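So the structure is just underneath, and the comments pick up after that.
All of these numbers come straight from a predicted model, not from anything done at the bench.
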Amino acid sequence: MQRPTADEYFMDMAKLVSTRSTCLRRQVGVVIVKDRHVLSTGYNGAPKGTQHCEDTGCLRELLNVPSGERHELCRGVHAEQNAVAQAAYFGISVKGGTLYTTTFPCSLCAKILINAGIVEIVYDEGYMDDLSKSLLSETNIVVRQVAGDTVRTYPPGTDPA
């Protein structure tokens with residue numbers, strides 16, 4: 001029996017979490033971990049108690065908003081935002097935590113993760129958001145891409161292009 005690495009284990013969890021997403025364009029899942037224990041999870045979708053995009057249609061598609069732009073024009077809450085909000089809702093600090101995400105965070109989420117005290121971001125797929133990359137390069141957050149057998153580490157202060 002081959003035991004998965006911690007990166008494989010938590011990234012697989014993030015991929016499973018993404019299956020709960022109700023977004024019509026991109027299903028994203030997040031797991032926030034500290035000391036190899038899960039603190040919180042999140043997926044992208046409409047806020048609690050509101051209609052899902054699968055019921056109302058995609059506002060971004062209706063407005064012809066390209067991927068990576070105008071994040072505020074969306075009914076959905078991003079996976080990273082939901083994971084941080086869920087932790088806060090239950091009184092759990094994510095300071096010092098590692099975020100595993102299926103997709104590189106957008107600039108809105110990067111700002112939240114920086115202020116929440118996340119120290120490492122491990123992502124699977126890239127995302128076109130130069131502002132996010134720029135913001136993260138100004139911090140001490142370690143950013144790593146883990147895709148298949150490939151691991152790329154971007155030391156603090158570098159641009160994960």
Original post:
Should Met13 and Thr41 be marked as a side-chain contact (heavy atoms from CB on, under 4.5 Å) after you check the CA-CA gap, both sets of side-chain angles, and the distance that decides it?
Top reply: CA-CA 9 Å; Met13 286 178 120; Thr41 66; over 6 Å; no

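- Within 6.0 Å of CZ in Arg75 there are more than 12 heavy atoms belonging to other residues, nucleotides or ligands.
- Taken to the nearest 0.5 Å, the CG atom of Asn82 stands 9.0 Å off from the NZ atom of Lys48.
- At a threshold of 4.5 Å between side-chain heavy atoms, the hydrophobic network of Ile, Leu, Val, Met, Phe, Trp and Tyr places Val77 and Val94 in two separate groups.
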Can you list, pair by pair, the side-chain donor-acceptor contacts under 3.5 Å of residues 49-56, counting residues two or more places apart and other chains?
| from | atom 1 | to | atom 2 | distance (Å) |
| --- | --- | --- | --- | --- |
| Thr50 | OG1 | Pro47 | O | 2.7 |
| His52 | ND1 | Thr22 | OG1 | 3.1 |

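- Distance alone, capped at 3.5 Å, places no donor-acceptor pair between the Asn44 side chain and the Ser21 backbone.
- Taking CD1 of Ile121 as the reference point, atom CD of Glu80 lies at 8.0 Å (rounded to 0.5 Å).
- Between Tyr127 and Arg26, the closest heavy-atom pair is CE1-NH2, 3.5 Å.
- Hydrophobic clustering (side-chain heavy atoms under 4.5 Å, transitive across Ile, Leu, Val, Met, Phe, Trp, Tyr) keeps Val119 apart from Val143.
- Contact record, Arg60 with Pro66: NH2-O, 3.0 Å, taken as the closest heavy-atom pair.
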Distance-only donor-acceptor pairs under 3.5 Å for side chains of residues 98-108, two or more places apart:
| from | atom 1 | to | atom 2 | distance (Å) |
| --- | --- | --- | --- | --- |
| Thr98 | OG1 | Glu120 | OE1 | 3.2 |
| Tyr100 | OH | Asp7 | OD1 | 2.7 |
| Thr101 | OG1 | Thr103 | N | 3.3 |
| Thr101 | OG1 | Thr103 | O | 2.9 |
| Thr102 | OG1 | Gly29 | N | 3.1 |
| Ser107 | OG | Asp129 | OD2 | 3.4 |

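- When all heavy atoms of Ser93 and Leu39 are compared, the pair lying nearest together is O-CD1, 3.6 Å.
- Under the 3.5 Å distance criterion, the side-chain polar atoms of Ser137 are matched with a main-chain donor or acceptor of Ser134.
- Other members of the hydrophobic cluster containing Leu63, listed by chain and number, are Leu59, Val65, Leu73; membership follows side-chain contacts under 4.5 Å among ILVMFWY residues, whether direct or relayed.
- Between Glu8 and Pro4, the closest heavy-atom pair is OE1-CA, 3.2 Å.
- Closest heavy-atom contact between Gln86 and Ser40: CB-OG, 3.6 Å.
- With hydrogens and angles ignored, the 3.5 Å screen pairs no side-chain donor or acceptor of Arg144 with any backbone N or O of Tyr123.
- In this structure, the salt bridge (charged side-chain N to carboxylate O under 4.0 Å, His left out) partners of Arg70, at least two apart in sequence or on a different chain, are Glu72.
- Under the 4.5 Å side-chain contact rule for hydrophobic residues, Val33 and Leu16 do not share a cluster.
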Original post:
What do the steps show when you test Val28 against His78 for side-chain contact (heavy atoms from CB on, under 4.5 Å), and what is the final call?
Top reply: CA-CA 8 Å; Val28 180; His78 290 190; over 6 Å; no

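- Summarising the hydrophobic clusters (Ile, Leu, Val, Met, Phe, Trp, Tyr; side-chain heavy atoms under 4.5 Å, direct or chained), the residues clustered with Met128 are none.
- Listed here is the closest heavy atom pair of Ile114 and Ile141: CG1-CD1, 3.8 Å.
- By the 4.5 Å side-chain criterion applied to Ile, Leu, Val, Met, Phe, Trp and Tyr, Leu62 is assigned to no cluster and stands alone.
- The CG atom of Leu113 lies 7.0 Å from the CD1 atom of Ile32; values are rounded to the nearest 0.5 Å.
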**OP:** Begin from the C-alpha positions of Phe10 and Val38 and carry the test side-chain contact (heavy atoms from CB on, under 4.5 Å) through to its verdict.
**Re:** CA-CA 9 Å; Phe10 293 122; Val38 174; 3.9 Å; yes

